[in-house]
Amino acid sequence: MKLKLLYSDLKSDLDVIEKELATAVNSSSHLLNEASLHLLLAGGKRIRPVFVLLSAKFGDYSIDSIKNVAVPVELIHMASLVHDDVIDDAETRRGRETVKTQWNNRVAMYTGDFLFARAIEYITVLENTYAHEVLSHTMVELCIGEILQIEDKHLIDQTVRDYLRRIKRKTAILISASCALGAIASGADEKTIRHLKRFGYYVGMSFQIIDDILDITSTDEQLGKPAGSDLLQGNITLPVLYVKNEPTIAPLLKEMLDGSISEDNKQQLLTEIRNSEAINHAKQVSNMYLQKALNEVKQLPANSAKKSLQNIALFMSKRKF
Amino acid sequence: MNEALILQHVETYKKNILMQLQQSTLQKYTGIPVVDEDRLFFTILPFLNEEDWDNSVEVSAIAVSLIFSALAAHDLVKEENATAKSQQLQVLAGDYYSGRYYQLLASENKIDLIQLLSNSVAIITEHKSRFYDLEDYTLEELIQSIQLIECKPIERFLEYYAYHEYVYIMNEALLLAALKKELVAFENNEKTFYISKSKIFQSNMDTLRLEIEKIELTLVQDVRSSDLLNESLKDAILERVSNHSLENQLREG
């Protein structure tokens with residue numbers, strides 16, 4: 001089943017979000033317009049707006065008002081991707097040239113800054129201090145997550161705890177904030193906000209672990225980029241942490257992190273990790289977070305959105321690529 | 001408020017701003033954040049002129065400076081080959097500082113000011129982009145872009161707190177400082193932010209010089225004859241303007 005089918009009942013509202021995103025990135029600058037539209041057309045799952053909308057169903061739902069939260073979280077996600085592509089020197093994303101490749105790094109910086117600024121401007125329609133505290137905290141934490149990722153690159157001595165701390169900030173926190181903001185903006189009660197915030201956090205953790213597993217287990221075609229590219233960039237992920245000291249893996253891993261690995265050895269390293277218990281072990285950790293997410297859903301008030309949240313969580317944590 | 005006290009206040013503000021931006025990894029690889037003292041001086045001009053200035057205004061003034069530090073960090077990212085660790089962290093420094101300004105104002109419940117300032121950041125990025133796109137802009141339009149890039153968040157801040165009378169001086173003084181800095185760097189064959197990217201500037205250097213002289217002359221006259229500013233502050237402003245005098249800078253360069 002495709003992810004979009006799981007939230008097909010939100011289709012008309014997501015169409016509103018899509019139109020609103022196009023309005024939000026509209027600029028008096030020809031160049032920024034082009035760069036932003038380039039990003040919009042690249043598409044994406046729009047999973048963060050979906051979490052905002054579903055979470056808003058636990059309060060007084062109105063697409064006209066909730067779009068002011070759903071649009072900014074997607075803009076923040078888009079902006080961080082544009083800047084990430086500069087950091088990673090990425091040539092393509094989702095099969096299209098990145099902004100930094102099509103123009104240059106500086107234009108990518110301005111495009112990201114423009115999107116961040118528009119996101120903040122957009123959400124100020126919401127006169128709720130707590131919502132702004134949540135979002136601003138999220139933006140700062142996202143950066144700290146990225147900073148940690150750069151700091152931890154090539155560091156073989158890091159722990160599972162370091163990894164979890166990093167992915168919390170890198171991925172889980174924005175999904176958690178999306179859920180919390182949807183609930184806050186619709187006036188849901190505090191207990192519901194708390195459950196949704198935790199749900200988003202757990203789903204985000206589970207999702208990122210699966211993402212890191214897939215980087216190793218998928219083919220280049222499935223990923224749309226070379227398999228193992230995270231590892232090649234020096235990012236040590238959970239499966240790698242579980243097997244980093246295995247005698248058949250340690251020397252190859254060292255070569256990989258030194259950047260001296262041959263293509264044959266790289267394939268051998270990926271095969272060794274794929275065939276090890278590390279993948280299953282990492283899947284178990286992802287599953288543990290998924291179960292925690294599902295437990296949070298159980299505690300939410302009865303509502304049609306409960307089932308959708310549950311299904312999306314299951315889909316995101318069980319996906320094959 | 002005498003000259004020494006003015007300098008002391010600017011220094012104190014600068015310390016407070018840097019405190020807000022402290023992040024050990026960023027500091028290690030990207031150095032101390034850029035805090036432009038001229039911009040800071042003109043942001044707190046009403047305070048230096050002994051206007052009413054409470055804690056909320058002070059926090060907002062700091063937030064305005066954080067915005068400029070964020071934008072300055074991103075201006076330090078190279079157009080090509082930004083793969084060094086220090087460059088990667090420069091990208092994140094800008095995003096981090098930007099998040100800090102939002103966080104600071106959110107904690108003060110200044111949602112309407114956040115709206116004004118984030119809109120001003122969007123405007124700045126639009127005008128910076130003018131120096132990278134292929135559209136034809138006139139010299140006047142580009143000078144206006146520079147003024148917006150240099151001043152817009154400060155203008156919004158001053159207007160928000162009803163310090164309207166200070167907007168004109170701030171706008172002209174910061175435009176003047178930016179243009180002079182550009183011209184001097186260009187004439188010394190150093191890197192420039194605006195001129196090197198614009199053929200219009202390069203083919204109209206004499207007009208640019210005249211424009212700078214005109215702005216300076218008018219600004220000096222207006223400051224001297226101002227009923228708004230106290231005498232020490234007038235001296236401090238004129239001192240800043242003359243520190244940027246083209247002749248001085250060229251001689252130093």
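Each chain gets a letter, A, B and so on, in the order its sequence line appears, and its residues count up from 1.
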TODO: To the nearest 0.5 Å, tell me how far B/T25 OG1 sits from A/E151 CD.
DONE: 3.0 Å
Open item on the list: Shorter than 4.5 Å, heavy atoms on both sides: which option in B/S98, B/S118, B/G94, B/A122 has the most such pairs with chain A?
Closed with: B/S118
Task: Part of A/K153 lying under 4.5 Å from any heavy atom of chain B - done: side chain
Open item on the list: Given heavy-atom pairs under 4.5 angstrom as the criterion, report whether the side chain, backbone, both or neither of B/K78 touches chain A.
Closed with: backbone
Task: Choice from B/E80, B/R100, B/E79 maximising heavy atom contacts with chain A below 4.5 Å - done: B/E79
TODO: Select one option (side chain, backbone, both, neither) describing which atoms of B/L71 are under 4.5 Å from chain A's heavy atoms.
DONE: side chain
Task: Within 6.0 angstrom of B/K197 NZ, more than 12 heavy atoms from elsewhere - done: yes
Open item on the list: Testing the 3.5 Å rule here: is there a donor-acceptor pair between the side chains of B/D75 and A/Y110?
Closed with: yes
Open item on the list: In the structure I gave you, are the side-chain heavy atoms of B/V121 and A/F114 within less than 4.5 Å of one another anywhere?
Closed with: no
Open item on the list: Can you tell me how far apart SG (A/C143) and CG (B/D95) are? Round to the nearest 0.5 Å.
Closed with: 4.5 Å
Open item on the list: I need the residue from A/W103, A/Y130, A/F116 with the largest number of non-hydrogen atom pairs under 4.5 Å to chain B.
Closed with: A/F116
TODO: Side chain from CB out, backbone as N, CA, C, O: work out which of these in B/I124 comes under 4.5 Å of a heavy atom of chain A, or both, or neither.
DONE: neither
- [ ] Would you indicate whether A/D258, at its atom CG, is surrounded by more than 12 heavy atoms from other residues, nucleotides or ligands within a distance under 6.0 Å?
- [x] yes
Task: Interchain contact, A/N128 with chain B, by part (heavy-atom threshold 4.5 Å) - done: backbone
TODO: Flag the pair B/Q103 / A/E133 as yes when at least one side-chain heavy-atom distance between them is below 4.5 Å, and no otherwise.
DONE: no
Open item on the list: Measuring from atom CG of B/L92 to atom CD of A/Q149, what distance do you get when rounded to the nearest 0.5 angstrom?
Closed with: 9.5 Å
TODO: Determine the minimum heavy-atom distance between B/H74 and A/R106, stating which atoms define it.
DONE: O-CD, 3.7 Å
Task: Donor on one side chain, acceptor on other, B/N119 and A/E121, under 3.5 Å - done: yes
- [ ] With a 4.5 Å cut-off on heavy-atom pairs, point out which of B/S120, B/G99, B/A93, B/A106 contacts chain A the most.
- [x] B/A106
Task: Most chain B-contacting option - heavy-atom pairs closer than 4.5 Å, from A/D88, A/I147, A/L148, A/D84 - done: A/I147
- [ ] Taking all non-hydrogen atoms of both residues into account, name the closest pair between B/V91 and A/M109 and its distance.
- [x] CG1-CE, 3.5 Å
Open item on the list: Can you tell me if B/E58 has over 12 outside heavy atoms packed within less than 6.0 Å of its CD?
Closed with: yes
TODO: Using a cut-off of under 4.5 Å on heavy-atom pairs, state which of B/L117, B/N81, B/L89, B/I114 scores highest against chain A.
DONE: B/L89
Task: Nearest-0.5 Å distance that lies between atom NE2 in A/H132 and atom OG in B/S107 - done: 12.5 Å
Task: pair B/Y132-A/L32: side-chain heavy atoms closer than 4.5 Å - done: no
Task: Interchain contact, A/V107 with chain B, by part (heavy-atom threshold 4.5 Å) - done: side chain
TODO: Count the heavy-atom pairs under 4.5 Å between each of A/E146, A/E34, A/K100 and chain B, then report the option with the highest count.
DONE: A/E146
Task: A/S27 versus B/E126, closest heavy-atom pair with distance - done: OG-OE2, 2.7 Å
Task: Gap separating the CD1 atom of A/I87 from the NZ atom of B/K85, nearest 0.5 angstrom - done: 13.0 Å
- [ ] Below 4.5 Å from any heavy atom of chain A, which atoms of B/R130 appear? Answer side chain, backbone, both or neither.
- [x] neither
- [ ] Please indicate whether B/D136 has more than 12 foreign heavy atoms, meaning atoms of other residues, nucleotides or ligands, lying under 6.0 Å from its CG.
- [x] no
Task: Contacting region of B/Q23 [heavy-atom separation from chain A under 4.5 Å] - done: side chain
Open item on the list: Using 0.5 Å steps for rounding, measure from the CG atom of A/N105 to the CD atom of B/Q87.
Closed with: 8.0 Å
Open item on the list: Does either side chain, that of A/T129 or that of B/N109, offer a donor lying less than 3.5 Å from an acceptor on the other one?
Closed with: yes
- [ ] Give a yes or no on this: more than 12 heavy atoms of other residues, nucleotides or ligands lie within 6.0 Å of atom CG of A/L155.
- [x] yes
- [ ] Give, as side chain, backbone, both or neither, the part of A/I123 having an atom under 4.5 angstrom from any heavy atom of chain B.
- [x] side chain
TODO: Between chain A and each of B/D133, B/T83, B/T125, count heavy-atom pairs under 4.5 Å; write down the option with the most.
DONE: B/T125
